[in-house]
Protein chains: 2
Amino acid sequence: MRISAKGDYATRAMQELAMHYNRGPLPIEAIAGRQQIPVRYLEQLLLILKRAGLLESKRGVKGGYYLAKPPNQITVGQIIRLMDGPPAPIFCVDPASHDKCPVEAICGFQSVWDEVHQAVAGIIDKTTLEDVCHRAMLKLEPGAATYRI
Amino acid sequence: MRISAKGDYATRAMQELAMHYNRGPLPIEAIAGRQQIPVRYLEQLLLILKRAGLLESKRGVKGGYYLAKPPNQITVGQIIRLMDGPPAPIFCVDPASHDKCPVEAICGFQSVWDEVHQAVAGIIDKTTLEDVCHRAMLKLEPGAATYRI
DNA sequence: TAATTCTTGACTAATTCAATAGAGTTAGTC
DNA sequence: GACTAACTCTATTGAATTAGTCAAGAATTA
């Protein structure tokens with residue numbers, strides 16, 4: 001029932017970029033350093049996020065990555081689905097899976113796992129990077145209600 | 001975000017035993033056959049369930065496994081926790097983990113993952129084997145409100 | 001005692017995951 | 001226009017986990 005390191009790294013990198021939103025590109029090294037992620041591994045993840053349209057990048061000196069959209073338009077769900085696939089706890093409730101369950105006719109768990117799937121999806125799809133930045137700022141400055149761009 | 005084959009097999013085996021509750025021991029082979037689980041693998045899982053006090057067994061002719069408690073006193077959560085551990089999506093919200101998150105102070109995701117954890121736990125801990133049997137029976141005989149022991 | 005069934009621990013095979021490596025390409029700057 | 005910082009892409013490795021197998025043994029019943 002775990003998200004992968006891939007999903008963990010990607011979400012944290014995106015938080016970092018969200019907190020830097022509108023301040024120009026952020027180099028991979030900077031993200032990796034602050035979030036304690038292996039640089040070479042992070043490269044791959046940022047590429048995936050870029051191809052999916054969540055990030056844009058700029059090469060050369062002063063280059064780096066930046067969000068393609070405002071933080072309130074990117075959800076945790078988008079990132080997790082990209083990295084780990086749908087949050088279905090088992091293939092039989094995964095809309096992306098084409099495998100047929102051999103015991104579907106007698107199994108009482110399908111609806112249970114479907115409830116779990118919907119519950120998780122509900123949370124990660126409603127939570128945006130803006131929300132996440134909020135929560136991070138509240139940790140740093142308890143009492144602050146908003147974060148500054 | 002998946003449960004393991006171990007968790008899947010174990011829960012289904014328990015449903016099988018629940019549907020057979022009060023009808024005497026059910027041999028491993030019978031469970032494995034009906035639920036399409038590799039016999040040799042299932043052996044191990046049933047032993048774990050037995051050691052945890054969820055099952056009892058009887059050897060020899062007419063032997064097999066049977067529930068140690070009524071189906072309404074065994075939850076899906078108990079089985080899953082036994083096989084896969086707590087339903088925490090990441091170690092930093094797993095009460096059983098002693099690892100310290102290196103970026104805890106700046107991470108906005110801890111509360112998100114905790115919400116997920118609680119949501120999943122809420123579902124699997126409230127769902128009993130009796131509920132699961134119900135759902136299975138509804139599949140077999142649409143319209144039936146209860147299942148027969 | 002013979003057939004049946006659970007019990008135990010060791011073992012192997014396969015898969016997945018995380019991470020690394022290296023050779024390139026592009027863009028900005030002096 | 002050369003230098004350098006930074007992105008791009010593919011391949012490979014190594015470790016860890018997971019799934020599944022095997023063989024020998026112990027208990028129970030007929």
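Note that this is a predicted model, so its numbers are computed, not measured. A note on names: the letters A, B, ... follow the listed sequences, proteins ahead of strands, and every chain is numbered from 1.
- dA27(D) atom P lies 15 Å from atom OH of Y65(B), rounded to whole Å.
- Here the side chains of L17(B) and Y65(B) are in contact, with some heavy-atom distance below 4.5 Å.
- Between the P atom of dC9(D) and the CG atom of L49(A) lies a distance of 14 Å, rounded to the nearest Å.
- Residue-to-nucleotide proximity on DNA chain C shows that, of G60(A) and G63(B), the 5′-proximal contact is made by G63(B).
- Heavy atoms of R2(A) sit nowhere under 4.0 angstrom from any nucleic acid atom.
- Within residues 28-48 of chain A, the residues approaching DNA chain D are I28(A), E43(A), Q44(A), L47(A), by heavy-atom distance under 4.0 Å.
- Rounding to whole angstrom units, CD of residue E56(A) and P of dT8(D) are separated by 11 Å.
- Dashed line: the shortest gap from a side-chain N or O of R59(A) to OP1 or OP2 of dT4(D) is not under 4.0 Å.
- One finds a side-chain N or O of K58(B) lying less than 4.0 angstrom from the OP1 or OP2 phosphate oxygen of dT29(D).
- Side-chain contact between R12(B) and F109(A) is present, with at least one heavy-atom pair separated by less than 4.5 Å.
- For the atom pair E130(B) CD and M19(B) CE, the distance stands at 12.0 Å (nearest 0.5 Å).
- Side-chain atoms of T128(A) and N72(A) include no donor-acceptor pair closer than 3.5 Å.
- Spacing between atom OH of Y9(A) and atom P of dA18(C) amounts to 8 Å, rounded to whole angstrom units.
- Side chains of K6(B) and Q44(B): no donor on one and acceptor on the other come within 3.5 Å.
- Going from atom NZ of K50(B) over to atom P of dA27(D) covers 11 Å, rounded to whole Å.
- Taking side-chain N and O atoms only, S4(A) has no distance below 4.0 Å to OP1 or OP2 of dT16(C).
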Could you walk me through whether E104(A) and K139(B) pass side chain to side chain contact (heavy atoms under 4.5 Å, CB included), step by step?
CA-CA 9 Å; E104(A) 188 181 359; K139(B) 274 188 173 179; 4.2 Å; yes
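- Distance, D8(B) CG to dG20(D) P: 10 Å, rounded to whole Å.
- In this structure, M83(A) atom CE and dC17(C) atom C1' are separated by 14 Å, rounded to whole Å.
- Residue S57(A) places no side-chain N or O under 4.0 Å from the OP1 or OP2 atom of dA27(C).
- A distance-only check finds a donor-acceptor pair linking the side chain of Q78(B) to the backbone of T75(B) [under 3.5 Å].
- In this structure, V61(B) and A5(A) both approach DNA chain C, and ranking their closest nucleotides by distance from the 5' end singles out V61(B).
- Following rounding to the nearest Å, D84(B) (CG) and dT17(D) (C1') show an atom-to-atom distance of 12 Å.
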